[in-house]
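These values consider heavy atoms only, across backbone and side chains, with no hydrogens, waters or symmetry-generated copies. Counting from 1, the numbers follow the sequence of the chain as shown.
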Amino acid sequence: MSDSPPPCSAQQFAVYRTQVEQARQRGQNLLQNGASGLQIATAIAESIEQLLLQIIQDQLHQLPQAQQKLLSQHSSILVIGGSGRGLMAPYSDVDLLFLYRGQVVNEFSEFVGEIVRSCWDAGLKLGHSVRTIVDSVKMARTQPEFATAMIEARSIWGDEHLPEQLIKAFYRHVILFRRRLFFEQCVTARWEERKLHGGAVMQLEPDIKRSPGGLRDIHLLRWLGFARYGTANLDMLRLDARINSRDVRTLKNARDYLLKVRIQLHFEAGRQQDLFTKDTQLWMAEQRQIEGTNGQRPVELLMQEYFQHSKAVAEITERFIKAHRPQPFLSRVYDFLMTHRSDSILKIAPDHLDVAPRYLAQVCSSLEEILKLFDTASLYAISISPDLLDAIRESALKLPPTVSNRSIDLFRAILDRSNNLGPTLRTMSETGILNLLIPYMKHAYCLLQFNQYHSYTVDEHTFRAIEASEDFPLDDTKLGSSYRSIEKKDILNLAILLHDIGKGYGEDHSKVGAMIAAETAVRFGMKEEEQKLLVFLVLEHLTMAHLAFRRDISDPDILFAFSQKVGSPEKLRMLYVLTAADITAVGPGVFTDWKSELLADLYERTMLLLGGKHSRYQRDQRVARVKQRVRDHLELPQIQGNEQETEVWFTELFNSFSPHYLLVTSSARIADDIKILRDLPSDQIVVEGEFDPETGTVNYHVIAQAMYAQSCFHRMVSVFTAKRMDIISAQITTSASGGVVDSFRVIDNDYTDKVPRTRVKKMEKEISKAVLGETDAKTMFLNNQRFQESASLSGEFDLGRVEIDNQSSKRCTIIDVIAHDRIGLLYIVSRAISRMGLSVVMAKISTHLDQVVDVFYVIDEQGRKIEDPERLQEIKKQLESTLHQFELEGYKRYQRV
């Protein structure tokens, strides 16, 4: 007969499960009744803890009396981590430490096993360990995550002395003589966790718990307080003057806000969910009935509030670390020896600026005095001490809004430096000083850009743009040399600071930003020439990117118009640097080598025009030189024997190609394409695929006769879409008389490394069959179409837009399609263009994160630009209808899934 205790009945497990649901329902009711996040999290934790105690008691009572007494005397059960704090979200893990002495090894092991099984059957997800005091201390010394969970440890059952012994041993062996090591372990572990969850406070899809500024930062501050001063209680740290009252109040408000958001996410998902996705942001804005404004959508207002809390948490935590980080003795000696005084007041250490406490009031008495501090810190490329920053922050709240000439001079001196400017401006923003200098910066604070293009809020994007520009002088590129040649770097940096300041007002942000720039220039007493330069840079900060990525910059008309708008080499250099900084700051990997080359090409071409070298970039002359080089490659007189016929044939074929193709393609490649077209039968297609190991892409070069021109483009796109390939660029050269010479650069998502030659050869055949019409493009597309899971659940998705530019090109009508990226989008749009009887003679395909900007240069059936206003309107209407229908159908498919 077995001595093991009888298991709990199915009826008992049902009771446990009901209690878990009741705990969650209690939280749901509190949420619906407007309770705070702290109240809800505490109520859920209390209910779960009561259930734990019941499970423990139920298991204990199944044991013999002697065994019950033995376990009660030699074991304990503690809640640790979040459970120990007494704050739980609806689907949080329950963190337990089962603590025992050696006298009850076997008995306790069986007892714990039954408790754990009961908890899992009840629907509780456990994070638990079974340890002695010695084991616990050893683990805490080597694993910071366990050590920080131990700081929150609280006994809920068993021998009272055992947890007390553990806490004493833990503090003595893990904290007391290892304060600096433990402090650094906690910070390092948290910084690594931050990196894994975005690394920036202002990322647009944050993790409520783990991203910078999340709940974990508040936990970190408490753990560091315990490590340094023996208490994790914020109020105790405040009473001991380790943190000021305002910061404690801010942290508590943020904790309450973040807890409530996290609780709502859990309830909405029906599981543990801490990632605040765009879909859940839209849903929460609707749930909270937030009203939008003319310039901001409800979701943008919601996220601005969220980021105000998370940014404050991150800043306070980072300040606490700097102020209370234990310094090694030798480091303190080094700082003492290397510190020198300036003006008999400032103390300039190797890595920070400080003042004696008795001078705090003096150095923070005015905006001018405070800017002297920032100027000195900027000059030495060092930070300002936390205590001094606190004093600056307090003073900024009381300073008048007026700005003296001396203050302006100091600020412009700071802006004129090329090192440490980003961190300096960030600190000026955090302390409120930047708002005093430029009041409009307050509007940009935590301002969300809810789109697929940007990764950060407006202010974060702006500071990243400043920091990106600071790296340019180190580049051995055209961008680096351009930055180094700029004389008025203060104007450039002020333009970067203001370039997106016009967002959130409901109008064209470039125009609003230009008006703010003009007002700022007047406020700073700038000369008229400087005012005009600043306004120009802010107004035109998107122009270079627009032309480089969406227009044919080999067109002399476009280049001439742009050069006339810029007017001078200095303005061009500044606009070039501003554009590169802006794109770089959008998000990781956005400023690709390809974009850098396009931007540099536009810069160089325009600079030559501004330098008076117009003849070099007159397109006709350049095309004539290309024609001669191609003729030399072909050795034309020997091709057909009849020189006159050969010349006519060559000229007609050469002239049928677009100037863009002729000017961006090597002469040897053009000659090879012409040779292929000359001998190509009408029923054959030449497709050449080549893998590029440097970019990990495959370039497919397609050559066909003119009879395939109209449908060629969308048929090729259908093949790439069907095979799950991403088109990252396309050069389309199609004419009614000459033929088709198209190049597509694609990423083959079926291969992570080298794309095998067998795959490339297979694709060559598939493309050839599609262009010849041997396979049905539409069927191929539909059979392989998939809808991405990133589609919006709320119905507030971006349907995209179509813009038609009939001014930039004399030869073609330009169609811009801007939309959220979807598999098959390019195929649908290109097919609609073909069905309207239009031929694509050039295309620029680009994707920015989840947003596509596809540009099509088109001509009509007669090979001409579309001039009829009614037809232009019909083309726009038809394409938008196609685009919107595609998005709606995709959304419906997503809902069915």
Tell me the closest heavy-atom pair linking Val261 and Ile208, and the distance in Å.
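Between these two residues, the closest heavy atoms are CG1-CD1, 3.6 Å.
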What are the two closest non-hydrogen atoms of Thr462 and Leu497, and how far apart are they?
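Distance-wise, the nearest heavy atoms are CG2-O, 3.5 Å.
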Pair Lys372-Asp375, salt bridge (charged side-chain N to carboxylate O under 4.0 Å, His left out): steps then yes or no:
CA-CA 5 Å; Lys372 287 180 183 178; Asp375 184 48; over 6 Å; no
State which residues pass ring pair (Phe, Tyr, Trp, His ring centres under 6.0 Å) with [X]; sequence neighbours excluded, sorted by chain then number.
| X | result |
| --- | --- |
| Tyr306 | Phe276 |
| Tyr505 | His443 |
| Tyr91 | none |
| Phe411 | Phe524 |

Taking [X] for its side chain and [Y] for its backbone only, find out whether a donor-acceptor pair lies under 3.5 Å.
| X | Y | value |
| --- | --- | --- |
| Asn33 | Ala35 | no |
| Asp274 | Asp207 | no |
| Arg180 | Pro326 | no |
| Arg190 | Arg210 | yes |
| Glu470 | Leu421 | yes |
| Ser395 | Ala391 | yes |
| Ser47 | Ala43 | yes |
| Asp459 | Cys446 | yes |
| Thr42 | Gln39 | no |
| Arg222 | Ala232 | yes |

Is there a side-chain contact between [X] and [Y], using heavy atoms and a 4.5 Å cut-off?
| X | Y | result |
| --- | --- | --- |
| Leu282 | Arg297 | yes |
| His197 | Glu193 | yes |
| Ser383 | Thr427 | no |

Should the pair [X]-[Y] be classified as a salt bridge under the 4.0 Å nitrogen-to-oxygen rule?
| X | Y | result |
| --- | --- | --- |
| Glu430 | Lys311 | no |
| Glu184 | Arg179 | no |
| Arg464 | Glu467 | no |

As an exercise, state the distance from [atom1] of [X] to [atom2] of [Y], rounded to the nearest 0.5 Å.
| X | Y | atom1 | atom2 | result |
| --- | --- | --- | --- | --- |
| Ser211 | Leu275 | OG | CG | 7.5 Å |
| Leu30 | Lys260 | CG | NZ | 10.0 Å |
| Phe170 | Ile175 | CZ | CD1 | 4.5 Å |

Please tabulate, one pair per line, all N/O donor-acceptor pairs under 3.5 Å involving side-chain atoms of residues 312-322, not counting sequence neighbours.
{"unit_1": "Thr317", "atom_1": "OG1", "unit_2": "Asp217", "atom_2": "O", "d": "3.4"}
{"unit_1": "Thr317", "atom_1": "OG1", "unit_2": "Val313", "atom_2": "O", "d": "2.8"}
{"unit_1": "Glu318", "atom_1": "OE2", "unit_2": "Arg194", "atom_2": "NH1", "d": "2.9"}
{"unit_1": "Glu318", "atom_1": "OE2", "unit_2": "Arg194", "atom_2": "NH2", "d": "3.3"}
{"unit_1": "Arg319", "atom_1": "NH2", "unit_2": "Asp247", "atom_2": "OD1", "d": "3.1"}
{"unit_1": "Arg319", "atom_1": "NH2", "unit_2": "Asp247", "atom_2": "OD2", "d": "2.8"}

Partners passing salt bridge (Lys or Arg N to Asp or Glu O under 4.0 Å) against Lys252 (at least two apart in sequence or in another chain)
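Once residues adjacent in sequence are excluded, the partners of Lys252 under the salt bridge (Lys or Arg N to Asp or Glu O under 4.0 Å) criterion are Asp235.
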Which residues pass the side-chain contact (heavy atoms from CB on, under 4.5 Å) test with [X], not counting sequence neighbours?
| X | answer |
| --- | --- |
| Ile167 | Ala153 |
| Thr148 | Phe182, Cys186, Trp223 |
| Lys195 | Glu192 |

Hey, what's the ring geometry for Phe98 with His128, parallel, tilted or perpendicular (30° and 60° as the breaks)?
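Taking His128 first and then Phe98, their aromatic rings stand perpendicular (interplane angle over 60°).
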Once side-chain hydrogen bond (donor to acceptor under 3.5 Å, both in side chains) is applied, do any residues pair with [X], and if so which ones, sequence neighbours excluded?
| X | value |
| --- | --- |
| Arg228 | none |
| Arg141 | none |
| Glu205 | none |

For Tyr229 and His324, I'd like to know if the aromatic rings sit close, meaning centre-to-centre distance below 6.0 Å.
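Centroid distance Tyr229-His324: below 6.0 Å, so yes.
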Check: Phe463 ring centroid to Tyr456 ring centroid under 6.0 Å
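Between Tyr456 and Phe463, which both carry aromatic rings, the centre distance is not below 6.0 Å.
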